[in-house]
Amino acid sequence: MAFDIWRPLYIDNFDYDKYLYHYTNIETAIKIIYTNNLLFSSISKTNDTSESKLKIVFEQKNVTDKDKYKETVDEISEYFNKNTQIVQLLCFSMDAKLCKRDREKYISSMGTKDRYYDVSGRGFALPRMWAQYANNNEGVCFIFNRKKLIELIERKIAFTKCAPVRYEKFFNRYVIDAERMDILYDKISMVANGSLTLLDMIQKDDDFLTYNFFEKLDDWKNEHEYRIIALIDKKDKSDFRLPIGDVTSFLEGIVIGEKMDTAYEKTIKMFIESIGSKCEVKRIQFGSRTCKLT
């Protein structure tokens, strides 16, 4: 197991789908280890302000009463914008997928020995992620077993959708014609009177979920993001975050930022040892040409 975790991309038969990577600051990292909990966040808390805004476009063909049409559109949009708190997410990075040509080009440009320890391109070795989400290389990157994590979440949550994020130059739009708009409005009315839940209303609409929650502009493509969406159908406080316990069952490694204080590193190793986890802890080091672990 240990060899697979730290395996360079350039070694044969690399499994790109085995792990997910979660970057965070040291305070949050210690909380995750100490409480053995990973928390979902509201879609409204993401740092891309466009993410929590619905990508719905209402088609105006065959509209006879434009005033009523506009009023209905405004009510539907306002309803969804007020209920974004039911959408919660976990965000991870993935290993960068290399085509054969890029792999061969990189191998030919590096030293013979480098290919056996250079971890450039791995999901835990993304410079932008370390700078943006791990407190400028002073934080942590957790390595999770994807299969174990998803299986645990699917056992505990009524509805989830898991997929890599698609990056586009421009957002796709979820087009709703006049007939479907009337159906959607009726469903919202049913939710309001209690005869239908919001979760039931949208969970079966795969296009709606994909366009609204699994697309980002290609400004963010270097994050190599994999996302897990959960829909919660409850009236919790606005700061409610859905917890996923038993983190140690799918935690397989921890990478320490190269600028982290050694006192924090010792604290993390102490916590890992105290909970009986066998996951390895390594420190990352970025060079001018290679990236390695110590």
Side-chain angles (χ1 to χ4, degrees), residues 5 19-49 51-52 85 87-94 122-146 148-150 152-153 156-157 160 162 165 216 220 222-230 232 236-277 279-284 286 293:
I5 292 177
Y19 301 109
L20 294 174
Y21 309 91
H22 184 68
Y23 291 82
T24 189
N25 59 49
I26 184 61
E27 291 81 6
T28 302
I30 290 174
K31 286 180 182 177
I32 289 172
I33 298 169
Y34 183 74
T35 63
N36 205 19
N37 267 322
L38 193 62
L39 301 178
F40 278 77
S41 295
S42 169
I43 189 75
S44 63
K45 302 296 184 183
T46 59
N47 55 5
D48 180 358
T49 58
E51 286 198 63
S52 60
Q85 74 270 15
V87 181
Q88 300 218 342
L89 72 162
L90 284 172
C91 300
F92 306 91
S93 289
M94 303 180 294
R122 286 295 309 270
F124 56 75
L126 306 177
R128 173 179 174 171
M129 298 299 288
W130 279 105
Q132 188 166 340
Y133 298 102
N135 196 26
N136 195 25
N137 294 275
E138 294 181 357
V140 161
C141 180
F142 290 106
I143 304 176
F144 296 131
N145 182 294
R146 182 193 297 196
K148 291 180 180 179
L149 168 61
I150 292 174
L152 186 146
I153 288 176
K156 294 189 174 184
I157 301 175
T160 60
C162 313
V165 168
K216 296 182 75 168
W220 304 87
N222 289 334
E223 293 186 349
H224 301 292
E225 185 177 345
Y226 186 93
R227 179 169 287 187
I228 301 176
I229 290 284
I232 58 172
D236 288 296
K237 295 185 295 184
S238 59
D239 61 349
F240 172 77
R241 300 178 64 186
L242 187 66
I244 297 298
D246 201 17
V247 168
T248 53
S249 68
F250 50 84
L251 175 63
E252 298 200 358
I254 297 177
V255 182
I256 301 296
E258 65 179 346
K259 294 182 181 179
M260 179 184 285
D261 189 296
T262 55
Y264 285 129
E265 182 177 0
K266 290 178 181 178
T267 300
I268 287 177
K269 289 180 177 179
M270 179 186 69
F271 276 134
I272 289 297
E273 185 177 348
S274 69
I275 61 178
S277 174
C279 78
E280 291 187 79
V281 180
K282 290 183 179 287
R283 182 182 287 265
I284 196 164
F286 290 95
L293 298 164

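All residue numbers refer to positions in the sequence shown, counting from 1. Values in this document were obtained by computation on a predicted structure and should not be read as measured data.
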**Message:** Could you go through Arg241 and Ser42, starting from their C-alpha distance and side-chain angles, then the distance that decides it, and tell me whether this counts as side chain to side chain donor-acceptor pair (under 3.5 Å)?
**Reply:** CA-CA 7 Å; Arg241 300 178 64 186; Ser42 169; over 6 Å; no
**Request:** Kindly indicate, with the supporting measurements, whether the criterion side chain to side chain contact (heavy atoms under 4.5 Å, CB included) is fulfilled by Leu90 and Ile153.
**Result:** CA-CA 11 Å; Leu90 284 172; Ile153 288 176; 3.9 Å; yes
**Request:** Begin with the C-alpha distance, continue with both residues' side-chain angles, and end with the deciding distance and a verdict on side chain to side chain contact (heavy atoms under 4.5 Å, CB included) for Asn135 and Ile26.
**Result:** CA-CA 8 Å; Asn135 196 26; Ile26 184 61; 5.5 Å; no
**Request:** Applying side chain to side chain contact (heavy atoms under 4.5 Å, CB included), run through Ile33 and Ile254 and close with a yes or a no.
**Result:** CA-CA 11 Å; Ile33 298 169; Ile254 297 177; 4.0 Å; yes
**Asked** Run the side chain to side chain donor-acceptor pair (under 3.5 Å) check on Tyr133 and Arg128 step by step: do they pass?
**Response** CA-CA 8 Å; Tyr133 298 102; Arg128 173 179 174 171; 5.5 Å; no
**Full working for side chain to side chain contact (heavy atoms under 4.5 Å, CB included) between Phe124 and Leu293** = CA-CA 10 Å; Phe124 56 75; Leu293 298 164; 3.8 Å; yes
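Looking at every heavy atom in both residues, Gly257 comes nearest to Ile284 through CA-CG2, 4.2 Å. Minimum heavy-atom separation, Cys279 to Gly253: CB-N, 3.6 Å.
Dense packing is recorded around CZ of Phe271, with more than 12 heavy atoms of other residues, nucleotides or ligands lying under 6.0 Å away.
The shortest side-chain heavy-atom distance between Asn222 and Met129 does not fall under the 4.5 Å cut-off. A 4.5 Å side-chain heavy-atom check between Lys148 and Glu252 finds at least one atom pair inside the cut-off. With contacts defined as side-chain heavy-atom distances shorter than 4.5 Å, the pair Val255/Ile143 qualifies. A 4.5 Å side-chain heavy-atom check between Met94 and Leu20 finds at least one atom pair inside the cut-off. Annotation: side chain of Phe144 is in contact with side chain of Phe92 (closest heavy-atom distance under 4.5 Å). Counting only heavy atoms from C-beta outward, the side chains of Leu152 and Asp246 approach each other to under 4.5 Å. The closest side-chain heavy-atom distance from Phe286 to Asn137 is below 4.5 Å.
Between the side chains of Arg122 and Tyr21, at least one donor N or O sits under 3.5 Å from an acceptor N or O.
In this structure, Phe142 and His22 have parallel ring planes: the angle between them is below the 30° cut-off, well short of the 60° mark.
Ser93 places a side-chain N or O within donor-acceptor distance of the main-chain N or O of Glu223, the cut-off being under 3.5 Å. Distance alone, capped at 3.5 Å, places no donor-acceptor pair between the Glu225 side chain and the Trp220 backbone.
Taking the centre and axis of the six-membered ring of Tyr226, the NZ or CZ atom of Arg146 falls inside the cone set by 45° and 6.0 Å.
Salt-bridge annotation for Arg283 and Glu258: absent, with no side-chain N of the basic residue lying under 4.0 Å from a carboxylate O of the acidic one. With salt bridges taken as basic N to acidic carboxylate O contacts below 4.0 Å, one links Lys269 and Glu265.
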